[in-house]
Number of protein chains: 2
Amino acid sequence: MARNTKRTQRGETSLSRERIIEASIALLDAGGEDGLTFRALSERLGTGAGAIYWHIANKSDLLTAACDAIVAPTMRAAVADAAPRAAIRAIGVGMFDAMDVHPWIGSALAQAPSQLPMVRIMEAIGRQVVALGVADAMRWHAGSALLHYILGVAGQNAANTRIARERNLVRGDFLDAVAAQWAALDGEAFAFTRSIAPQLRDHDDRLDFLAGIDVILDGVECARPRP
Amino acid sequence: MARNTKRTQRGETSLSRERIIEASIALLDAGGEDGLTFRALSERLGTGAGAIYWHIANKSDLLTAACDAIVAPTMRAAVADAAPRAAIRAIGVGMFDAMDVHPWIGSALAQAPSQLPMVRIMEAIGRQVVALGVADAMRWHAGSALLHYILGVAGQNAANTRIARERNLVRGDFLDAVAAQWAALDGEAFAFTRSIAPQLRDHDDRLDFLAGIDVILDGVECARPRP
DNA sequence: ACCTGAACACCGTTCAAGT
DNA sequence: ACCTGAACACCGTTCAAGT
């Protein structure tokens, strides 16, 4: 959209796509998804709201660009691993840790399917699935299952963080509140949910996330014949 | 929040939680997530914008309630199946078909973690995982993997539908556009993505979705020892 | 108990006008 | 080429006032 590759005389003070994205990430980290507004952004950058539109097409593009600025280096780092299974776990861990610092990327990814950040994750996973020696017919399904699983976790994490923030709760208190809510459900209709409510408090999100990736990888490696 | 269980004299014309939710679903189906505004809603219901707040706490609750009105009967129908693996597939298919008619439930689910609609899906899946005879230690991971996978697909479907609508594209043209976008990526950095771009056009979302569920179920059933 | 509708405090985006 | 900042067309939500 906007051409901005050319540096103007003063890279420090003048507006640029990079400075806008950098400031956007700071706002998103500090205030969640709602923290990013063109007014807050222009104030932080010491410029007018309209100026930003010279460098960026719209808010959706801005959010995607901010997300990509997190995802791109994360994927670059994860790919360094050697064995395919370890590399896939590294991709997962990399995403999980990035989400921990920048929870908003969960909703950013959900809003920008088939865009660069999502494609980067797909590319990284796909390569490792191929390296894993997965049969041709299974590749798409394996990659798609892993990708959607990661996106699902990312979305939930983002939402949980947002809600905890809105209610001014730290993680432990938030989980307690959810557990209490589940425990109060009808005993017959929600027997399973009630039975796992106590586990909510003590579970380790990160280990659970990795366990899910292992489940999918196991499924890919020992696919049984389908009816 | 609002007490509304008591019927007033004219169930037909007077405002009620059910009428509001029904109208909300109609607006969401017709115009996507952006279609639901308190102004459009009050116009459709022939009332003032403020009147709705007597029956519903806020927009977030309204969206969640609308989502639950879709999810609850879907889960009820899916649970009718007998064998656990078939039942889990039925839950998946039920959600997929519901998403096809009401794509916005994808983002509604993403915005309301640990709320009723999501709990219903978790409950339905959890029961079947137990019925499957999954070892105690594996239950949580199995249920969580299935749930997050379904939520991931739901979110992507919702976003794809939204974007296609925004650009006034039918599904085929939208997929062509994405495939063209992917094909134009750098050949070296995005070799995998480029290689699967042609498959985008002809793939069957529904079959892929079910294949993903099967991958996870296979992984659950033949878990291999972990390092 | 339930509804009205104007008002409030925001949004993203545009665009004539400046330099 | 790049920036300003007022203006536009919206939002969700509140609340005094009505019935």
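For clarity, every value in this text was computed on a predicted model and none was experimentally measured. All heavy atoms count here, side chains included; hydrogens, waters and symmetry mates do not.
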* Asked: With nearest nucleotides of DNA chain D determined for Arg39(A) and Gly48(A) from heavy-atom distances, which residue corresponds to the more 5′ nucleotide?
  -> Gly48(A)

* Taking all atoms of both residues into account, what is the closest heavy-atom pair of His102(A) and Asp29(A), and its distance? -> ND1-OD1, 2.7 Å

* Starting from C1' on dC2(C), measure out to CZ on Arg19(B) and report it in whole angstrom. => 14 Å

* Residue whose nearest DNA chain D nucleotide is more 5′ - Lys59(B) or Ala51(B) -> Lys59(B)

* To do: Please name the pair of heavy atoms, one in Ile88(B) and one in Gln128(B), separated by the smallest distance, quoted to 0.1 Å.
  => CG1-CB, 3.4 Å

* Asked: In whole Å, what separates the C1' atom of dA9(D) from that of dC10(C)?
  -> 13 Å

* Does Glu33(B) reach the side chain of Gln111(B), with side-chain heavy atoms less than 4.5 Å apart? -> yes

* Asked: Does a side-chain heavy-atom distance below 4.5 Å link Leu151(B) with Met118(B)?
  -> yes

* Asked: Taking atom C1' of dG12(C) as reference, at what distance in whole Å does atom CD of Glu43(A) sit?
  -> 17 Å

* Secondary-structure notation, DNA chain D, from Watson-Crick and G-U pairs under 3.5 angstrom (| other strand) -> ||.|||||...|||||.||

* Asked: Side-chain contact, heavy-atom cut-off 4.5 Å: Arg44(A) with Ile20(A)?
  -> no

* To do: Look at atom CD of Glu166(A) and say whether more than 12 heavy atoms of other residues, nucleotides or ligands are closer to it than 6.0 Å.
  => yes

* To do: Round to the nearest Å and state the distance from Glu33(A) atom CD to dG12(C) atom C1'.
  => 14 Å

* Structure fact -> Rounded to whole Å, CD1 of Ile56(B) lies from P of dC2(C) at a distance of 13 Å

* To do: State which of dC3(D), dC3(C), dC2(C) makes the closest approach to the side chain of Leu15(A).
  => dC3(D)

* Establish, with yes or no, whether the OP1 or OP2 oxygen of dA1(D) is under 4.0 angstrom from a side-chain nitrogen or oxygen of His55(A). => no

* Asked: Leu62(A) versus Asn58(A): any side-chain heavy-atom pair under 4.5 Å?
  -> no

* **Check: Tyr149(A) ring centre within less than 6.0 Å of Tyr149(B) ring centre** => no

* To do: Round to a whole Å and report the spacing from CG of Leu41(B) to P of dG12(D).
  => 10 Å

* Counting heavy atoms from C-beta on, name the nucleotide in dC11(D), dA1(C), dC11(C) closest to the side chain of Thr37(A). => dC11(C)

* What's the CD1-C1' distance between Ile20(B) and dC3(C), to the nearest Å? -> 11 Å

* Could you tell me whether Leu36(B) contacts a base, only the sugar-phosphate backbone, or nothing, with contacts defined as non-hydrogen atoms closer than 4.0 Å? => sugar-phosphate

* Whole-Å distance between dC3(D) P and Phe38(A) CZ? -> 15 Å

* Structure fact -> Regarding the side chain of Trp54(A), the nearest nucleotide among dT14(D), dC2(D), dT13(C) is dC2(D)

* Structure fact -> Per atom distances to the Ser14(B) side chain, the nearest of dC3(C), dC3(D), dC2(C) is dC3(C)

* If the C1' atom of dC3(D) is compared with that of dA16(C), how far apart are they to the nearest Å? -> 13 Å

* Rounded distance (Å) that lies between atom C1' of dG12(C) and atom CG of Asp34(B) -> 12 Å

